[in-house]
Amino acid sequence: MSVLVFLDQAEGQIKKNSFEAACYGAKIAELMNTQAKGVVLGSVNTDLAGLGKYGLGQILSADQPELAQFDSVRYCEAIAELAEKEGAQVIVLSNNFNGKAVAPRLSVRLKAGLVTGAVDLPDLKEGFVVKRGVFSGKAFASVSIKTDIKIITLNTNSYPVTDQGPAAQVEKVTVQSGTPSIKIKEVKKVVGEVPLSEANIVVSGGRGLKGPENWNIVTDLAHALGAATACSRPVSDSDWRPHHEHVGQTGLTIAPNLYIAIGISGAIQHLAGVNRSKTIVVINKDPEAPFFKAADYGIVGDAFEVVPKMTEAILKLKQAG
Amino acid sequence: MKILVCISKTPDTTAKIAFKDNNTKFDTSGVQFIINPYDEWYSLVRAIELKEADPSVTIHLIHVGGPDSDPIIRKALALGGDEAFRVNTASEDSYYIASQIAEVARQNNYDLIFTGKETIDYNGSVIGGMLAQLLQLPFVSLTTKFELNGGAAIVTREIEGGEEIDEVTLPAVISSHKGMAEMRIPNIRGIMGARTKPLKVIDPIEVPELTVTESFELPAPKESVKLVPADQPEELVRLLHEEAKVF
């Protein structure tokens, strides 16, 4: 009996959204009167016992070189083997790129019902019911898992991280690792920028900026805030900005604490990618822009005048503080 | 080479989202249904491009759903599918749906199975991975580029803060994301031809559902926006810092 949390890593670093998954899994374990255990595959530069602060009682570490890089078949087999050994009732993963690749496999492998994109703790009053986002953030569905083992992937920024727990007990384990299903030829990371999917603050620009040459007002504000930059679909389609910055229905879905939209009208397809953000700020010269209806704060005005002044005010504030 | 493209039916991206029957069902009144954009624009069009490069490629389409899905299947045939299967059943459980598709795939030995990265209604992002596991095939999720290379494919997939280039041996399951191909519109010849292309209706196999969707709800309405005058950007910064406490 236990709740197993998969702690996703890249290049030896455990990803931020895994800490959220750990706290979420720990709370489920508490509700079910059992223990939460973390699974780390491959070698990491983190103090494993220290991961106990997120509420994990035990860390199962399979520090095998062949698990250093993600492979959906190998990771599925490794997690399934540990889940069976531990008699896991619930398996929690992040709803990130790797989580989306491995959780469906795991569901079939263990014949365990899967709910992806959970936004809240399961309701255990009648069975095991998990709330998830549907219709691209425009609604929620409550889904009941009918199998003995339950698998959940947690949406990013959906559960608060607390880090007050005692040290975890670390157990070295070895898993069957099988043959890899794919060969990784190259990994290209955008250097020196905050990854959009992990950013707490995102500054985003739209067609209202008139051209790529004006993007400095977006990047300056982003730098002042330590934020990632993003853009709307017309902007990436016109190659003003790279495609990986496109947020919206057909681009990336993000949920930062703060989303600042500059010169973006707020088409329904764009909102679908950002409407789970905690605080939305809209700067647009058109008072009728639909984005204002989804915003928490706004300025109706010329971005070229407003944004540099915001950047200045933030820098002043940071210097003072 | 035989390619299977999985086609899902979703409400149009601008459809009004409402529920009926005590919030247990999606209210389809006045809603226009389309092919899930990820299935159409990226998976199907990429498959058509592969066929254009090599006419020996055959493209099969599969959809799990009732007869009301036939118009979108015909549209997919008009774009360029060669023949289609419709498994005549409906479910909200991904495992049930994936098992139906896997059954058809087992009988036809495809070299390549394409799914969209997710549907725009349930956003599960699950079918591709499940198919891969059911069929014991490699799986690449969120693929933005796909090129054949002999008996293998070179694919680019999204990862946090960048991308990864993988080599995958065929047969394989690929979930398609933006970048794979550009959207197309069916031409008259395609539309005419689609009428006579085979659309086979098959009965479902018996599989348990692992999950049940109990109910839906709409998010609480957002409080109205707090507007700050354009000549006071410093005030907005102060509110974000002291009231919203976001930095």
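Just so it is clear: chains get the letters A, B, ... in the order the sequence lines come, proteins before strands, and each one is counted from 1.
Each of A:L225, A:N200, A:N257 was evaluated against B:F247; a single residue qualifies, A:L225, per the side chain to side chain contact (heavy atoms under 4.5 Å, CB included) test.
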Check the pair B:K178 / A:S236 against side chain to side chain contact (heavy atoms under 4.5 Å, CB included), numbers first and verdict last. CA-CA 11 Å; B:K178 194 189 182 190; A:S236 69; 3.4 Å; yes
Give the intermediate values and the outcome of side chain to side chain contact (heavy atoms under 4.5 Å, CB included) for residues B:V126 and A:S107. CA-CA 9 Å; B:V126 168; A:S107 169; over 6 Å; no
Could you go through B:D231 and A:K309, starting from their C-alpha distance and side-chain angles, then the distance that decides it, and tell me whether this counts as salt bridge (Lys or Arg N to Asp or Glu O under 4.0 Å)? CA-CA 9 Å; B:D231 57 355; A:K309 282 185 191 146; over 6 Å; no
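For B:Y122, the parts sitting under 4.5 Å from any heavy atom of chain A are the backbone and the side chain alike. At a 4.5 Å heavy-atom cutoff, the contact between B:L137 and chain A is made by backbone atoms alone. In this structure, the portions of B:F139 lying under 4.5 Å from any heavy atom of chain A include both its backbone and its side chain. Looking at B:R157, the atoms closer than 4.5 Å to chain A (heavy atoms on both sides) all sit in the side chain, from C-beta outward. If you measure heavy-atom distances from B:E223 to chain A, the contacts under 4.5 Å come from the backbone alone. When heavy atoms are compared at a cutoff of 4.5 Å, B:I159 approaches chain A by way of both its backbone and its side chain. Neither the backbone nor the side chain of B:P208 comes within contact range of chain A; no heavy atom of the residue lies under 4.5 Å from a heavy atom of that chain. Using a 4.5 Å cut-off between heavy atoms, B:V155 does not touch chain A at all. Contact annotation for B:L236: only side-chain heavy atoms (C-beta onward) come within less than 4.5 Å of a heavy atom of chain A.
We find the NZ-CD1 distance between A:K183 and B:I165 to be 13.5 Å, quoted to the nearest 0.5 Å. Distance check: B:E164 CD to A:K188 NZ gives 12.0 Å after rounding to the nearest 0.5 Å. For the atom pair CZ (A:F135) and CZ (B:F216), the distance works out to 5.5 Å, reported to the nearest 0.5 Å. Here CD1 of A:I268 is found 10.5 Å from NZ of B:K16. Values are rounded to the nearest 0.5 Å. Between the CG atom of B:N123 and the CD atom of A:Q249 there is a distance of 8.0 Å, given to the nearest 0.5 Å. Interatomic distance, CZ of A:R105 versus CD of B:Q136, reported as 7.5 Å (0.5 Å rounding).
Side-chain contact annotation: B:T13 with A:Q269, donor-acceptor N/O pair under 3.5 Å present.
Considering only heavy-atom pairs separated by less than 4.5 Å from chain A, the leading option among B:V140, B:I154, B:L218, B:L142 is B:L142. Top candidate by heavy-atom pairs under 4.5 Å with chain B, chosen from A:G117, A:A294, A:S72, is A:A294. Interface summary for chain B: among A:S181, A:G301, A:G298, the most heavy-atom pairs under 4.5 angstrom belong to A:G298. Ranked by heavy-atom pairs shorter than 4.5 Å toward chain B, the options A:K189, A:K318, A:K278, A:E198 are led by A:K189. Listed options B:I127, B:V246, B:L134 were ranked by heavy-atom pairs under 4.5 angstrom with chain A; first place goes to B:V246. Contact count versus chain A (heavy atoms, under 4.5 Å) is highest, among B:T144, B:D121, B:V168, B:T169, for B:D121. Of the listed residues (A:E186, A:H244, A:E305), the one with the most heavy-atom contacts under 4.5 Å to chain B is A:E186. Across A:A228, A:P195, A:S144, the residue that shares the most heavy-atom pairs under 4.5 angstrom with chain B is A:S144. Taking A:A227, A:G226, A:A103, A:A139 one by one and counting their heavy-atom pairs under 4.5 Å with chain B, the maximum is reached by A:A139. Each of B:F19, B:Y42, B:Y38 has some count of heavy-atom pairs under 4.5 Å with chain A, and the biggest count is that of B:Y38. Per-residue counts of heavy-atom pairs under 4.5 Å with chain A were compared for B:E234, B:E160, B:E118; the largest is that of B:E160. When each of B:S141, B:S224, B:P138, B:A98 is scored by its heavy-atom pairs under 4.5 Å with chain A, the top score falls to B:P138.
Counting all heavy atoms, side chain and backbone alike, B:V225 lies closest to A:Y297 at CG2-C, 3.6 Å. Closest approach of B:I120 and A:S136 over heavy atoms only: O-OG, 3.3 Å. Heavy atoms only, all atoms of each residue included: A:P104 and B:S125 are closest at CG-O, 4.0 Å. Nearest heavy-atom pair, A:T250 versus B:H177, reported as atom, atom and distance to 0.1 Å: O-CE1, 3.4 Å.
Proximity of A:V281 to B:L240: side-chain heavy atoms (C-beta onward) are separated by under 4.5 Å at one or more points. B:E158 is listed as a side-chain neighbour of A:L252, based on a closest heavy-atom distance under 4.5 Å. Proximity of A:I299 to B:Q232: side-chain heavy atoms (C-beta onward) are nowhere separated by under 4.5 Å.
In this structure, B:N22 places its CG atom where only 12 or fewer heavy-atom neighbours from other residues, nucleotides or ligands lie under 6.0 Å away. In the displayed structure, A:D148 atom CG is contacted under 6.0 Å by at most 12 heavy atoms of other residues, nucleotides or ligands.
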